[in-house]
Each structure stands twice: as structure tokens, then as C-alpha cells.
Amino acid sequence: MTTEYEVVIGLEVHVELNTDSKMFCSCPTTFGAEPNTHVCPICLGMPGVLPVINRKAVEYTIRAALALNCQVAKYSKFDRKNYFYPDLPKNYQISQYDLPLATGGYVEISVDGKKRKIGIRRVHLEEDAGKLLHEGTGPKTSLVDFNRTGVPLIEIVSEPDLRSPEEARLYLNKLRTILHYTGVSDVKMEEGSLRCDANVSIRPLGSEVFGTLTEVKNMNSFRAVERALAYEVERQKEILERGEKVERETRGWDENRRITVSMRGKEEAHDYRYFPEPDLVPLEISRDWVEEIQERLPDMPDERQARLVRELGLPEYDAEVLTSSKDLADFYDACVKHYPEAKTVSNWVMGEVLGYLNEKGLEITDLPFRPEDLAGLLRLIDKGTISGKIAKQVFQEMCKSGKAPETIVEEKGLKQITDESEIAAIVEKVMEDNPKVVEDFRGGKEKALGFLVGQVMKATRGKANPQLVNRLFRERL
Amino acid sequence: MKISRGDVEHVANLARLELSQEEMEALTRQLNDILTHMEKLGELDTEDVPPTYHVLDMVNLFRPDKVGKCLQQEEALANAPDQDQGCIRVPRVLEGS
């Protein structure tokens with residue numbers, strides 16, 4: 001008989017805050033600059049310098065913590081985490097140990113239609129490390145770029161509440177959406193502004209004791225997270241099935257080989273000898289400040305999703321897709337303001353708009369036209385100026401040129417032909433050219449009409465009003 | 001003895017310090033002396049004294065989120081014994097095996 005196992009996963013997520021300047025000095029945080037040009041004596045850890053806390057970084061951390069339903073500490077401080085690795089010029093990282101800025105929150109995820117609350121143990125603020133380049137630098141050396149050193153970073157530690165790799169992915173996705181709504185970070189995994197490590201263990205189903213965990217690192221995409229965790233769970237199962245013991249260690253995900261590889265023993269690596277950072281004075285967070293930040297917090301995705309269902313009568317699915325990013329939800333809301341048919345707008349945004357963005361790999365904010373232009377396009381269909389089919393053509397043109405739909409219809413001569421005599425002439429010509437099809441229809445073949453209508457649409461390059469064409473054929477057949 | 005010779009070796013290793021036998025023994029003795037001395041503090045009655053996390057009686061020293069001047073790349077790299085492509089070249093520390 002094989003044992004059934006329960007999977008236990010906790011995630012540690014690091015998110016870079018998008019402040020203009022670094023955590024403790026005034027160097028810029030922009031991504032992609034020439035190596036070692038966004039550095040100064042403070043972030044390079046020169047002797048005698050003094051770090052000073054960026055107020056906005058603290059504010060952003062509190063904002064993120066509130067969005068994750070955490071308690072914000074009244075009193076907090078920074079500590080030195082000591083370790084030797086060349087990505088840190090000081091040989092310690094300024095972080096937070098026993099008094100983090102926030103604790104005790106949760107994120108709600110929906111698993112197979114059921115809501116689950118995933119606990120957040122703590123949110124703390126620290127400085128990011130530099131970047132090491134290993135590729136093409138010779139076999140025994142690495143190159144160090146300190147531009148990222150000192151960029152404000154928050155670490156969000158979940159409780160070990162996740163029960164499958166899929167839940168881990170859903171949690172991470174939800175976390176990213178929420179943080180994106182708060183505007184404190186770009187949360188781009190590709191650019192490293194969101195990074196994720198996982199603690200994974202398994203135990204026989206029903207057991208109260210946790211199994212030995214491994215820490216999995218180097219997962220560079222959402223898909224990699226799910227894959228790496230699935231691999232690690234299977235690896236641990238096989239070890240236990242053989243009657244052996246899982247070793248407590250750090251393992252790295254190798255995306256090419258699709259396996260996790262042992263990196264180093266955990267005990268030694270975690271001897272960080274934390275102590276209070278003597279160069280920084282503690283933080284006393286007033287309740288007034290927390291309240292002020294709370295008041296300015298935008299609606300979170302769950303609230304907006306519920307509102308779209310409640311107030312506009314959208315299906316749950318539409319509401320979920322439309323609120324998957326704040327920018328998309330804002331775009332949708334703006335469209336509906338100018339064209340109040342909620343479901344029609346939803347169909348266009350989920351179909352044409354998202355289709356176009358996915359195809360081109362763009363964001364909603366990259367669209368060259370405004371929400372009111374999409375509303376204007378839908379009104380043109382309502383007025384009978386263009387058909388739905390032509391509207392899709394106009395939409396593509398709007399995406400390309402950013403011109404208003406009315407202008408495009410005018411310039412390209414796409415206005416629907418509604419003059420009955422003009423269309424009647426074409427209808428009669430088509431009947432004349434296709435006597436066999438006309439016979440088929442008269443003989444009872446309904447489908448033949450479709451072909452005839454199609455011929456008229458072709459002759460008018462889609463500009464004939466389809467209802468009108470249908471009526472004219474029926475009158476004549 | 002609060003601190004053993006093994007403790008000193010462990011901490012020296014974490015701090016990447018290479019110590020001779022004599023230094024190791026001297027440090028073990030000195031660290032224990034320091035601890036014994038600090039224990040004197042334990043004789044004080046601190047019943048009504050609130051705990052403190054920092055020696056300075058100050059909180060909330062902030063700077064605004066403003067970008068200022070950085071070093072030039074040449075300045076930043078001036079102290080580096082070895083450099084390449086605008087980066088500091090260091091011995092590789094293998095994280096994997």
C-alpha cells in the first residue's frame with residue numbers, strides 16, 4: 001500500500017519597490033543602466049558613510065502590508081544580516097529581523113471555485129543586493145554590478161498554508177495582482193522586481209508534524225514555480241518511499257534540465273548573526289500615518305470584481321478577467337462610463353482588446369487610443385454607420401494609428417451602404433450571375449442564401465447592411 | 001567558561017578570519033573575560049526600566065525620495081583590484097556544485 005502525502009509549501013516573495021531613489025541613499029533605482037553608474041559611497045559601503053531611511057519606502061511597505069490585510073507594527077527597527085557573498089559590498093545586508101514592519105495578514109485565493117485564505121506571516125523592508133554575472137567571465141571569476149544594491153525590497157513570507165504547486169502559483173499570481181493594484185512595485189518577474197523562493201515539505205496525510213523541508217530557489221517565472229515545486233514534491237516522495245530521509249538543504253531549479261539541484265547545506269548558510277543596525281534609529285509608526293495610507297489605498301481586485309458582478313451584472317468570469325490588472329479594470333470602467341452596455345463592452349475588451357494585446361505582447365497602457373474611442377466605435381455600430389464586422393477592421397486600424405474610429409471610417413470609406421436601391425441593384429446582379437444557387441434556394445436549400453449574401457458583402461467589401469441584404473433577397477426569391 | 005574554543009573557531013570561520021593557535025586561545029580567554037565583565041550588569045535591578053532596542057533616544061529619521069548625484073563609473077571602480085566591462089571582477093563563489 002502506498003502512503004498518501006500532504007504537500008506543505010510556504011513562499012518567500014521579494015518585491016522591489018518602485019521608489020525613485022534607493023533605500024538609504026539618493027542613487028536612482030532605474031533598471032538597465034550601465035554597470036556601476038547608479039552607485040555612491042553609501043550603497044558601495046565605503047567606511048564612514050551613514051545610511052538614511054527613504055520615507056517613501058516605509059510608506060510603500062505599509063501600503064503593501066495593508067493591502068495584504070496585515071497588522072502594521074507600532075515600533076520597528078532594522079538589523080544587520082551578516083553573510084559573505086560578493087553581491088553585497090558591506091558583507092551585511094540591512095534587513096529586519098525580530099521587529100518587521102508588518103505581521104499577520106492573508107491573501108484569499110480561489111481553488112476549484114472554493115475560497116482559501118493563505119496566511120501572511122510577515123512583511124519586512126530591506127535593501128536589495130547587487131548583480132553577479134557568471135557567464136562568459138572566465139571559469140574562476142564573476143563580475144559585480146552594484147546598481148541594484150540598496151534598492152528598497154520587501155520580503156513577504158507566507159505561512160506554510162499552500163497544499164499544492166498549483167495553489168502556490170495561484171497565491172503568487174494573486175499576490176502580484178494585489179501589489180500591482182497598490183502601485184508600490186512593477187512586479188515583473190522577468191526584470192527581477194518580483195522573485196520567489198519556496199519552502200517545501202511533505203508529510204503522511206493526517207500527520208500533525210511537519211516533514212523536513214527544502215528551500216527551492218532560482219525559479220524565474222510563474223510557470224517555473226509550479227514546475228519546480230511539482231518536481232520537488234515528487235523527489236521527496238520518492239526519497240520517503242525508499243525509506244530514506246529528506247535532507248534539509250537549499251536546492252536550485254535548473255530550468256533547462258527541469259530538475260532541482262542541491263546548492264548548499266541550510267544550517268551553515270543561515271548563521272547570519274543578526275544584530276540591530278547601529279547606524280539607523282528605530283521607527284515609530286503613528287496610527288495617523290497608517291490611517292492616512294489606508295484611506296488612499298485603491299480598491300483591491302476582489303472588491304472590484306465583486307462590484308462588476310453586483311453593479312453591472314457581469315458574469316463572474318468576465319469580472320475576474322477584467323480585474324486581473326488595475327490598468328485593465330480602469331480601462332474597462334472608463335469605457336463603460338462612455339458606453340453603458342456593460343456586457344457588450346466586456347465582450348469587446350476580453351475579445352478584441354485582450355486578443356490584440358496578447359498577440360503583440362503589449363500592456364493595456366500601450367494602446368494608442370482612449371477608452372472613449374472604443375465607446376465611440378460601439379456607438380457607430382449601434383447607429384448603423386458600420387457593421388460589427390467592419391468594426392473589427394476599424395478596431396485593428398485604431399490599434400495601429402491611434403486615430404478616432406469616426407476618422408478611420410471617413411478616411412477609408414467604410415461607411416455602411418444603407419441606400420436600398422444601391423444594394424438592390426447588387427442583389428439583382430448576384431442573382432443573375434448565380435442562377436444555379438438561386439434554384440437551390442428555391443428548391444428548399446436554406447444554406448444557399450448565405451452564399452448569395454456573402455457575394456453581396458464581397459462586392460461591397462463588407463459595407464452593405466446585412467439585414468437589409470437578407471430582406472432584399474427574401475423579397476425577390 | 002561561557003565560550004568554548006569551538007565557538008571561537010566557528011565565528012572565525014563565519015567571519016572568514018584565519019587565526020593562529022595562539023590567537024585562538026587568547027581570543028577565547030578575552031571573549032570570556034568580556035562576558036564575565038558584562039555579567040556585572042545583571043546585578044542591576046531593571047524591574048521598572050522599559051526595554052530598549054537602540055542606544056540613541058531618537059526615532060523616525062527619514063530622507064525624502066529624491067534622486068541625487070552618483071559616482072562616475074571610473075570613480076566607483078577606482079578601488080577595485082580587478083575590473084572588466086564596467087564591473088568589479090571577483091573570485092567566483094560557487095553556489096551550486
Side-chain angles (χ1 to χ4, degrees), chain A residues 19-21 24-29 34-41 44 46 52-59 75 77 82-86 89 91 99 132-134 137-146 217 250 252 254 261-264 268 271 273 276 278 280-286, chain B residues 3-4 6-19 27 31 34-35 38 49-97:
Chain A
T19 53
D20 292 334
S21 66
F24 301 115
C25 65
S26 62
C27 289
T29 55
E34 282 293 303
N36 296 304
T37 54
H38 288 176
V39 291
C40 74
L44 287 176
M46 298 291 181
V52 186
I53 300 166
N54 184 338
R55 189 174 193 272
K56 183 143 252 170
V58 177
E59 183 189 322
Y75 188 91
K77 69 170 169 72
N82 299 281
Y83 67 93
F84 281 89
Y85 197 60
N91 284 339
L99 294 171
L132 289 185
L133 304 159
H134 303 296
T137 59
K140 293 215 169 75
T141 61
S142 305
L143 298 181
V144 194
D145 173 8
F146 286 127
K217 288 177 172 287
T250 300
D254 185 328
V261 187
S262 179
M263 288 168 85
R264 63 183 178 211
E268 175 79 352
D271 201 339
R273 293 153 294 143
L280 294 169
V281 298
L283 301 169
E284 257 179 33
I285 313 291
S286 76
Chain B
I3 292 182
S4 71
D7 292 333
V8 175
E9 264 173 52
H10 176 64
V11 174
N13 179 45
L14 287 172
R16 306 293 187 271
L17 292 175
E18 206 175 335
L19 300 175
L27 280 167
L31 286 170
I34 292 168
L35 279 193
M38 294 309 281
V49 182
T52 181
Y53 289 97
H54 204 280
V55 291
L56 294 176
D57 191 19
M58 283 191 274
V59 293
N60 299 352
L61 284 182
F62 295 122
R63 45 170 276 272
D65 184 27
K66 284 261 160 45
V67 173
K69 266 187 82 174
C70 299
L71 292 174
Q72 300 286 316
Q73 195 184 62
E74 307 79 73
E75 296 174 300
L77 299 177
N79 291 331
D82 194 4
Q83 47 179 282
D84 187 19
Q85 300 165 54
C87 294
I88 297 166
R89 188 191 284 283
V90 297
R92 180 172 298 191
V93 180
L94 276 188
E95 266 213 77
S97 51

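Chain identifiers are assigned alphabetically (A, B, ...) following the order of the sequence lines, protein sequences preceding nucleic acid strands; residue numbering begins at 1 within each chain.
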Could you list the donor-acceptor pairs under 3.5 angstrom formed between side-chain atoms of residues 70-81 of chain B and any protein atom two or more places apart in sequence or on another chain?
{"residue": "B:Q73", "atom": "NE2", "partner": "A:P35", "partner atom": "O", "Å": "2.6"}
{"residue": "B:E75", "atom": "OE1", "partner": "B:Q72", "partner atom": "N", "Å": "2.7"}

Relative to chain A, which of B:D57, B:V11, B:V55, B:L61 shows the most heavy atom pairs under 4.5 Å?
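Highest number of heavy-atom pairs under 4.5 Å: B:L61.
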Distance (rounded to the nearest 0.5 Å) between B:L14 CG and A:F84 CZ
9.0 Å
Between OG1 on residue A:T29 and CG on residue B:D65, distance to nearest 0.5 Å
7.5 Å
Part of [X] lying under 4.5 Å from any heavy atom of chain B:
{"X": "A:P276", "value": "side chain"}
{"X": "A:L280", "value": "backbone"}
{"X": "A:L44", "value": "side chain"}
{"X": "A:P41", "value": "both"}
{"X": "A:F146", "value": "side chain"}
{"X": "A:P282", "value": "both"}

Note: B:R92 and A:H134 closest approach over all heavy atoms is NH2-O, 2.6 Å
Would you name the heavy atoms of A:E284 and B:V59 that are closest together and state the gap between them?
OE2-CG1, 3.8 Å
Residues A:N36, B:Q83; criterion side chain to side chain contact (heavy atoms under 4.5 Å, CB included); working and verdict
CA-CA 11 Å; A:N36 296 304; B:Q83 47 179 282; over 6 Å; no
Quick check: do A:L143 and B:R89 have side-chain heavy atoms less than 4.5 Å from each other?
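Yes, at least one pair of side-chain atoms sits under 4.5 Å.
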Side-chain contact, heavy-atom cut-off 4.5 Å: B:V90 with A:Y85?
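The answer is no, as the side chains (C-beta and beyond) never meet within the 4.5 Å cut-off.
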Quick one: list whatever passes side chain to side chain contact (heavy atoms under 4.5 Å, CB included) with A:S26, sequence neighbours left out.
B:R63
Chain B shares the most heavy-atom pairs under 4.5 Å, among A:L99, A:I285, A:D145, with A:L99
